Engineer: 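Quick one: the structure is below, questions incoming.
This is a predicted model, so every value here is computed, not measured. Both counts, for ligands and for their atoms, begin at 1 and track the order of listing. For the numbers below, each heavy atom of this structure counts, side chains included, while hydrogens, waters and symmetry mates do not.
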Amino acid sequence: MRVDLGNALDTVASPGIPRDALDRLDERVADAHERIETGRENHEHGYESLNLPQTTDADEIRTAVESFADAETVLTVGIGGSALGAATLAHGLESDVDAYFLDNVDPEHVSSLLDSISLSDTAVNVVSRSGTTAETLANFLAVRDAMESDGVDWTEQTFVTTGEEGNLRNLAERHDLPALDVPDGVPGRFSVLSTVGLACAAIQGHDIDAVLSGAQAEANRLSGSLFDSPAYAYGTACYALDERGAGINAMMPYAESLETFAEWYAQLWAESLGKDGLGQTPVRALGATDQHSQLQLYRAGPRDKMVTFVRPTEREDCAIPETDLPGLEYLGGQNLGTLLDAEFEATEASLAESSQPSVRLEIDRVDEYGLGELLYCLEASCVLAGELYNVETFIQPAVEWGKRAARGLLGGGDFDEADSVADKSTLVIE
Ligand SMILES: O=P(O)(O)OC[C@H]1O[C@](O)(CO)[C@@H](O)[C@@H]1O
């Protein structure tokens, strides 16, 4: 895992980070690292997430899902951190076992998905840390109903991943379903390297030990200096650029297999750092595709953002056939990977040329080890940034208002928030 801050410096970009500012920030990184290490040693809420490469028991996960070894499909029912991590691994890696994620309650999507898969060959993984999330529980009921309609014994094909208490834990106990524990002290968005993110990967036959090894390699590089730790370097650069006006961070991986990683990053960054009026707004982009949709803004728009370029330096390739079509000769005989790398470097240089800040993140390959490195690096950089912003990184109280309002609207209790919904101001043009 390599992090290159060159194009984030003020010698290139505006907003940009003066080199001596990085040195000054490094003193705060040393303090933050000490705080983080103390939090890890004491297994404090949130900080415990950074211990997962060592505390996650891969054998326990494999044993818990071994009865689903013949599944042709694994369907994860969960939302936010209870889906995005597993989806990042599933969409980042190849497998003969298909993986689907029900992480929304769009009725048309849910119905068409359930109609499109063979439920008799599907392992269902219901994931909820709290065990109370309405979308996940509603989707589970819809899945169960569809299985029963197909004459499938859902109790034979369903397992849950949840906390010690809650509706899902009760359901698992009542129906004697295999159940994996969400580790204590690990918020959803930091749980990919635990049972939450790895159960689906294990059913798909991925090497979850390699994921944890990649993560551990990044954990071993956490130190009291950003100049020795890619994760802390990235977290510091994002914080320093935001302080200087880059309040938006466009995560732009140059690999289709990392598109869902950008979604996972968006939850991590938004829910962890978006507090007290602070926090960088994460934007999901994809290279080279969004060069042809967003780049105009990134280069010539307001100086309120940074771009994070991500790429694997090694990948399977695909040849571009020789051609005598006029004007295309320069492409013939090349590889698509060569073209993609040229696009990556050219786009990065185009931002530097217009003094727009960017940071480059590189892994060797999008494989289990590389994804473990990347996911842990972003988690640790987020924790470090949270220390620099001095926000409570591991809570997300602002999401609860809407949940109470929705529950009230559905008759699930008496909530003032639901009353406020009716007070909406309107100015309808139709
Ligand atoms: O795993 P749970 O408890 O169902 O929560 C799902 C997601 O919902 C949130 O609580 C936000 O509403 C996220 O933090 C979490 O990842």
Engineer: Keeping Ser272 on the side-chain end and Trp269 on the backbone end, is there a donor-acceptor pair under 3.5 Å?
Structural biologist: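 Not a single qualifying donor-acceptor pair exists.
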Engineer: Any idea which atoms of ligand 1 are less than 4.0 Å away from a heavy-atom of Lys403?
Structural biologist: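 Heavy-atom distances to Lys403 below 4.0 Å select 9 (C), 10 (O), 11 (C), 12 (O).
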Engineer: So if I count the atoms of ligand 1 from 1 in the order they appear, which ones are less than 4.0 Å from some heavy atom of Glu271?
Structural biologist: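 It comes down to these atoms of ligand 1: 11 (C), 13 (C), 14 (O).
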Engineer: Using the ring of each side chain (for Trp, its six-membered ring), is Tyr254 parallel, tilted or perpendicular to Phe309, with breaks at 30° and 60°?
Structural biologist: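 Taking Phe309 first and then Tyr254, their aromatic rings sit tilted (interplane angle of 30° to 60°).
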Engineer: Show the atoms of ligand 1 that are less than 4.0 angstrom away from any heavy atom in Ile79.
Structural biologist: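 Result: 6 (C), 7 (C).
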Engineer: Using a strict cut-off of 4.0 Å, indicate which atoms of ligand 1 neighbour a heavy atom of Val399.
Structural biologist: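 Those atoms are 11 (C), 12 (O).
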Engineer: Which heavy atom in Val186 sits nearest to a heavy atom in Arg129, and how many Å separate them?
Structural biologist: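 Here Val186 and Arg129 meet closest at O-NE, 2.8 Å.
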Engineer: With a 3.5 Å cut-off and no angle check, do the side chains of Ser225 and Asp26 form a donor-acceptor pair?
Structural biologist: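 There is such a pair between these side chains.
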Engineer: Tell me whether Gly81 has any N or O atom under 3.5 angstrom from an N or O of ligand 1.
Structural biologist: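 Yes; at least one N/O pair falls below 3.5 Å.
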Engineer: Say whether Arg129, considering both its backbone and side-chain N or O atoms, lies within less than 3.5 Å of an N or O atom on ligand 1.
Structural biologist: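 Between Arg129 and ligand 1 (N or O atoms, distance only) the closest approach is under 3.5 Å.
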Engineer: Mind listing the closest non-hydrogen atom pair of Gln356 and Arg299 along with its distance?
Structural biologist: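 What the structure gives for the nearest pair is NE2-O, 3.2 Å.
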Engineer: When you compare ligand 1 with Thr133, is there at least one nitrogen or oxygen pair between them that comes in under 3.5 angstrom?
Structural biologist: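 N/O-N/O distance under 3.5 Å: yes.
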Engineer: Would Gln267 count as a contact residue for ligand 1, given that I'm defining contact as a non-hydrogen atom of the residue lying under 4.0 Å from a ligand atom?
Structural biologist: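 For ligand 1, residue contact (heavy atoms, under 4.0 Å) with Gln267 is present.
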Engineer: Kindly state each residue pair satisfying ring-ring contact (aromatic ring centres under 6.0 Å, His included) with at least one member in residues 185-219, sequence neighbours excluded.
Structural biologist: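 For residues 185-219: Phe190-Phe394.
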Engineer: At a 4.0 Å threshold, what atoms of ligand 1 neighbour a non-hydrogen atom of Ser130?
Structural biologist: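 Close to Ser130: 2 (P), 3 (O), 4 (O).
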Engineer: Could you list the atoms of ligand 1 found under 4.0 angstrom from a heavy atom of Ser82?
Structural biologist: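 Near Ser82, meaning under 4.0 Å from one of its heavy atoms, ligand 1 has 1 (O), 2 (P).
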Engineer: Is the His33 ring parallel, tilted or perpendicular to the Tyr232 ring (thresholds 30°, 60°)?
Structural biologist: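 Plane angle over 60°, so perpendicular.
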